[in-house]
Amino acid sequence: MSNLNNRILVTGATGFLGSSLGKTLSLAGRFSVKAHVRTDIKLPWAEEVIQLSDFSKIQVSDNIFEKVDAVIHCAARVHVMNDATSNPLEEFRKVNVDGTLHLARLAAKAGVRRFIFISSIKVNGENTESGKIYKADDTPAPKDPYGISKMEAENGLKQIAAETGMELVIIRPVLVYGPGVKANFLTMMRWVHKGVPLPLGAIQNKRSLVALDNLIDLIVTCIEHPAAANQIFIASDGEDLSTSELLRRMANALGVRTRLLPVPQSLLVIMATI
């Protein structure tokens with residue numbers, strides 16, 4: 001493998017994925033890492049830190065792609081609970097579509113060889129029928145503004161790649177877990193650790209997950225492997241768990257006893273509706 005892809009720009013370098021990815025690349029010893037951040041912060045593992053709050057305002061003269069062979073675009077507007085904006089889709093598009101495509105166009109113009117876009121399984125949809133799995137070549141069916149914005153970004157990136165010859169890799173992770181996880185996953189962990197009784201003992205749904213380390217391994221492979229160019233990957237651990245199974249494993253890892261109440265799913269639906 002040549003050294004052409006060893007100079008990397010990681011966007012969203014203070015986020016859950018970006019921070020761990022940047023550290024991993026730096027510690028590998030064969031990558032030179034530039035880190036994009038939104039606020040003034042020092043990152044000891046990065047050879048250079050670029051502070052930028054809005055990708056759509058980048059200019060060619062900013063030279064952020066100087067000596068960059070590959071971009072790993074982790075930065076995004078993610079799920080916003082109780083979004084109060086009048087047009088959530090428009091807000092997601094500003095960052096996830098407009099900002100991403102502007103970044104990619106400048107990257108291609110600067111001669112960046114490969115652009116790795118961290119998308120989302122929500123591009124495929126919200127759920128599958130029993131016994132079926134999502135595939136990379138499925139017809140996209142996003143349901144929420146976040147998923148729609150990621151799909152539109154993917155489409156725009158494909159067009160840029162076709163026009164410029166810049167290699168594109170799209171990765172759609174399922175729910176990512178690992179050190180530093182936040183949002184609903186962290187909330188569940190706190191409930192389990194505190195021993196809060198949860199009415200989820202009878203839930204037999206199946207949910208795909210991917211460990212942070214496994215996702216990072218895939219990304220590193222996609223930086224270096226020639227066959228990854230212009231491919232779409234769905235990232236999963238390959239083992240689907242029900243909510244009750246997931247909570248039991250959490251409890252085991254935390255060294256606490258599970259307190260799952262076998263409340264029928266139909267009753268939970270009624271309670272949620274009320």
Side-chain angles (χ1 to χ4, degrees), residues 10 12 15-25 27-28 72-74 76 78-79 114 116-144 146-147 150-151 154 167-189 192 198 200-255 258 260 265:
V10 177
F16 171 49
L17 172 59
S19 59
S20 292
L21 172 63
K23 293 174 186 175
T24 299
L25 293 174
L27 290 172
I72 306 174
H73 188 40
C74 303
V78 295
H79 309 291
R114 184 168 290 188
I116 300 176
F117 179 56
I118 308 302
S119 186
S120 169
I121 193 61
K122 280 181 169 285
V123 170
N124 286 72
E126 291 296 326
N127 52 64
T128 61
E129 297 178 10
S130 179
K132 294 186 177 180
I133 61 172
Y134 282 137
K135 296 180 290 185
D137 58 357
D138 287 342
T139 300
K143 298 294 191 294
D144 66 0
Y146 174 71
K150 285 290 191 178
M151 178 193 69
E154 286 188 12
E167 296 173 349
L168 172 66
V169 181
I170 295 172
I171 299 176
R172 298 175 186 164
V174 295
L175 179 63
V176 185
Y177 67 95
V181 69
K182 299 177 181 178
N184 291 340
F185 204 100
L186 177 60
T187 300
M188 286 195 300
M189 287 181 64
V192 170
L198 300 172
L200 304 173
I203 301 299
Q204 299 302 318
N205 64 329
K206 291 291 183 180
R207 181 69 184 266
S208 298
L209 307 168
V210 62
L212 179 60
D213 287 348
N214 287 342
L215 177 56
I216 290 175
D217 282 347
L218 172 61
I219 294 171
V220 173
T221 300
C222 288
I223 294 173
E224 300 180 309
H225 204 296
N230 304 312
Q231 298 296 317
I232 299 175
F233 298 97
I234 292 179
S236 169
D237 286 341
E239 180 185 15
D240 300 332
L241 300 175
S242 68
T243 300
S244 55
E245 289 171 331
L246 174 60
L247 292 170
R248 290 188 183 98
R249 293 195 185 189
M250 280 186 183
N252 183 61
L254 293 169
T258 54
L260 300 179
Q265 186 170 337

Is the side chain of [X] donor-acceptor paired with the backbone N or O of [Y] at a distance under 3.5 Å, no angle test?
X    : Y    : value
Y146 : S120 : no
K206 : E239 : no
R114 : C222 : yes

Measuring from [X]:[atom1] to [Y]:[atom2], what's the distance to the nearest 0.5 Å?
X    : Y    : atom1 : atom2 : answer
I116 : F233 : CD1   : CZ    : 9.5 Å
H225 : I223 : NE2   : CD1   : 13.5 Å
S236 : R172 : OG    : CZ    : 14.0 Å
L168 : E154 : CG    : CD    : 8.5 Å
N252 : R248 : CG    : CZ    : 12.0 Å

Query - Those residues that, when tested against K143, pass side-chain hydrogen bond (donor to acceptor under 3.5 Å, both in side chains) (two or more places apart) - result: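 Testing K143 for side-chain hydrogen bond (donor to acceptor under 3.5 Å, both in side chains), a comparison that skips the adjacent residues, returns none.
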Requested in this report: List in chain and number order the residues that pass side-chain hydrogen bond (donor to acceptor under 3.5 Å, both in side chains) with S208, two or more places apart in sequence or in another chain; answer none if no residue qualifies.
Outcome: D240
Could you check whether any side-chain heavy atom of [X] comes within less than 4.5 Å of a side-chain heavy atom of [Y], counting everything from C-beta outward?
X    : Y    : result
I234 : N124 : yes
K122 : P142 : no
F117 : K150 : yes
R207 : L175 : yes
Y134 : V174 : no
T258 : V192 : no
I216 : S20  : yes
L218 : V210 : no

Query raised in the report: Of all heavy-atom pairs between P173 and S119, which one has the smallest distance, and what is that distance?
Result: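 Result for this residue pair: CD-O, 3.4 Å.
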Report task. Write down the atom of C74, the atom of V10, and the distance for their closest heavy-atom approach. Result -> SG-CG1, 4.4 Å
Report task. Determine the sole option in L17, L25, V169 for which the side chain to side chain contact (heavy atoms under 4.5 Å, CB included) test with I72 is passed. Result ->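 The residue from L17, L25, V169 that satisfies side chain to side chain contact (heavy atoms under 4.5 Å, CB included) with I72 turns out to be L25.
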Query - Chi angles and distances behind the side chain to side chain contact (heavy atoms under 4.5 Å, CB included) call for I170, I118 - result: CA-CA 6 Å; I170 295 172; I118 308 302; over 6 Å; no
Report task. Can you establish whether the number of heavy atoms outside I133 located under 6.0 Å from its atom CD1 is more than 12? Result ->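 Not more than 12 within 6.0 Å, no.
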Report task. Go through the steps to decide whether D237 and Y177 satisfy the test side chain to side chain donor-acceptor pair (under 3.5 Å), and finish with yes or no. Result -> CA-CA 11 Å; D237 286 341; Y177 67 95; 2.8 Å; yes
Query raised in the report: Any ion pair linking E245 and R249 (charged N to carboxylate O, less than 4.0 Å)?
Result: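 No.
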